[in-house]
Enquirer: 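Sharing a structure here in structure tokens format.
Atoms considered below: every heavy atom in the structure, side chains included; atoms not considered: hydrogens, waters and symmetry mates. If you read the sequence from its start, that first residue is 1, and numbering goes on from there.
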Amino acid sequence: MTKTTKKRREWLAPAGLLVLSAVPVAAGAFRLTQLTGGAAVTAENARFFASPIPVALHIVGATLYCVLGAFQFVPGFRRRRSGWHRAAGRLLIPCGLIAALSGLWMTLFYPRPPGDGDLLAAFRLLFGTAMVACILLGLAAIRRRDITRHRAWMIRGYAIGQGAGTQAVTQLPLILLAGAPIETTRALLLAAAWVINLAVAEWIIRRPRTRVRS
């Protein structure tokens, strides 16, 4: 395999992650446009207009976390731009925490829209708390200079943060075939996306690492 081919293969993972982020990023941008552009208040968006700061923080934090975080999955780029990797990490940690904590706040205090029941709220609290824990454990590990554990915990946190992108994928086939899913089915489909992401994260963490020469 040529050097150029290896470098191209390195960029497949971040490219896929950016594609996965496209739907939630676009939805978040649309929501921010509504909040800042004086859109009409409806039953669906009234909770956001009543308390816009948490949702705005969530959108900005999650967007930066998912988009910028995708570039941390390029080994050669990290080696060639080690200063960038550290600088990006210092931004990713607060962005990830803001995204997770604001998501927890919205789950606890925003009025629930139709279709969001207790089961989905429990899943959001579980995975949101897990995301906060993963990021903090990753931070603690790098402060100890434990790069292996830092990498593992940050990959897990990123996998949870990318849940919204995978949720679009897990829901789409059912929506196309049968329309909007019922409350319990929707909750299980959203939870499945987080589980899938974490399973992929564990595979990445545990697979034998091959050194790619730059």
Enquirer: With sequence neighbours excluded, give me every ring pair (Phe, Tyr, Trp, His ring centres under 6.0 Å) pair touching residues 13-56.
Expert: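 Listed by first then second residue: F48-Y110.
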Enquirer: With sequence neighbours excluded, give me every side-chain hydrogen bond (donor to acceptor under 3.5 Å, both in side chains) pair touching residues 123-144.
Expert: D116-R124
Enquirer: With a 4.5 Å heavy-atom cut-off, do I205 and R156 have their side chains touching?
Expert: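 They are in contact (side-chain heavy atoms under 4.5 Å apart), so the answer is yes.
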Enquirer: Taking atom CZ as the centre, does R47 end up with more than 12 heavy-atom neighbours from other residues, nucleotides or ligands that are less than 6.0 angstrom away?
Expert: yes
Enquirer: Between L174 and V195, is there shared hydrophobic-cluster membership here, with clusters defined by ILVMFWY side-chain heavy atoms closer than 4.5 Å?
Expert: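 No, no single cluster joins them.
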Enquirer: Inspect the surroundings of CG in L108 and state if more than 12 heavy atoms from other residues, nucleotides or ligands are less than 6.0 Å away.
Expert: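 Enclosed.
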Enquirer: May I have all residue pairs that pass ring pair (Phe, Tyr, Trp, His ring centres under 6.0 Å) and include part of residues 156-182, sequence neighbours excluded?
Expert: Y65-Y158, F73-Y158
Enquirer: Please give me the minimum heavy-atom distance between M131 and G96, naming the atom from each residue.
Expert: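 Reported closest heavy-atom pair: CE-O, 3.5 Å.
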Enquirer: Apply side chain to side chain donor-acceptor pair (under 3.5 Å) to T107 and list each qualifying residue two or more places apart in sequence or on a separate chain.
Expert: none
Enquirer: Any heavy-atom pair between the side chains of I135 and L139 that's under 4.5 Å?
Expert: no
Enquirer: Just grab all the side-chain hydrogen bond (donor to acceptor under 3.5 Å, both in side chains) pairs involving residues 26-41, residues at least two apart or on different chains.
Expert: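 Only R31-Q34, R31-E44 qualify under side-chain hydrogen bond (donor to acceptor under 3.5 Å, both in side chains).
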Enquirer: Would you give the length of the straight line joining atom CD of E202 to atom CD1 of I204, rounded to the nearest 0.5 angstrom?
Expert: 10.0 Å
Enquirer: How many angstroms lie between atom CD of Q72 and atom CG of L17, to the nearest 0.5 angstrom?
Expert: 11.5 Å
Enquirer: Is there a side-chain contact (heavy atoms from CB on, under 4.5 Å) between V60 and L32? Walk through the geometry before answering.
Expert: CA-CA 9 Å; V60 174; L32 284 179; 4.2 Å; yes
Enquirer: Which pairs count as ring pair (Phe, Tyr, Trp, His ring centres under 6.0 Å) when at least one residue sits in residues 173-207, sequence neighbours excluded?
Expert: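 Every pair satisfying ring pair (Phe, Tyr, Trp, His ring centres under 6.0 Å) with a residue in residues 173-207: F127-W194.
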Enquirer: According to side chain to side chain contact (heavy atoms under 4.5 Å, CB included), who are the partners of A62, at least two apart in sequence or on a separate chain?
Expert: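 Listed in chain order: A99.
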Enquirer: For R145, which residues count as a salt bridge (Lys or Arg N to Asp or Glu O under 4.0 Å) partner, sequence neighbours excluded?
Expert: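 Residues passing salt bridge (Lys or Arg N to Asp or Glu O under 4.0 Å) with R145: none at all.
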Enquirer: Distance-only, no hydrogens or angles: does the N197 side chain make a donor-acceptor pair with backbone N or O of A159 under 3.5 Å?
Expert: yes
Enquirer: Looking at every non-hydrogen atom in both residues, tell me the closest pair between L57 and I98 and how far apart they are.
Expert: O-CG2, 3.5 Å
Enquirer: For L172, check side chain to side chain contact (heavy atoms under 4.5 Å, CB included) against everything at least two apart and list the hits.
Expert: L176
Enquirer: Which residues pass the side chain to side chain contact (heavy atoms under 4.5 Å, CB included) test with L126, not counting sequence neighbours?
Expert: none
Enquirer: If you round to the nearest 0.5 Å, how far is CZ of R186 from CG of L190?
Expert: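 Result: 5.0 Å between the selected atoms.
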Enquirer: Heavy atoms, side chains only, cut-off 4.5 Å: are I175 and P181 in contact?
Expert: yes
Enquirer: Of the non-hydrogen atoms in M106 and P54, which two are nearest, and what is the gap between them?
Expert: CG-CB, 4.0 Å
Enquirer: Return the CG to CG distance between L68 and L18, rounded to the nearest 0.5 Å.
Expert: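 These two atoms lie 10.0 Å from each other.
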Enquirer: Provide the full list of side-chain hydrogen bond (donor to acceptor under 3.5 Å, both in side chains) pairs with a residue in residues 20-30, sequence neighbours left out, each pair given once.
Expert: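 Listed by first then second residue: S21-Q162.
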Enquirer: Roughly how far, to the nearest 0.5 Å, is the CG atom of L35 from the CD1 atom of I59?
Expert: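 The distance works out to 6.5 Å.
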Enquirer: Taking side chain as C-beta onward, heavy atoms only, is V23 less than 4.5 Å from V169?
Expert: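 When only atoms from C-beta onward are counted, V169 and V23 do not touch, as no gap falls below 4.5 Å.
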Enquirer: If I compare all heavy atoms of R112 with all of G117, which pair ends up nearest, and what's the gap?
Expert: NH1-C, 3.4 Å
Enquirer: Can you list every side-chain hydrogen bond (donor to acceptor under 3.5 Å, both in side chains) pair that touches residues 170-181, not counting sequence neighbours?
Expert: none
Enquirer: Please report the closest heavy-atom contact between G163 and A193, naming both atoms and the distance.
Expert: O-CB, 4.0 Å
Enquirer: To the nearest 0.5 angstrom, please state how far the OG1 atom of T166 sits from the CD1 atom of I160.
Expert: 12.0 Å
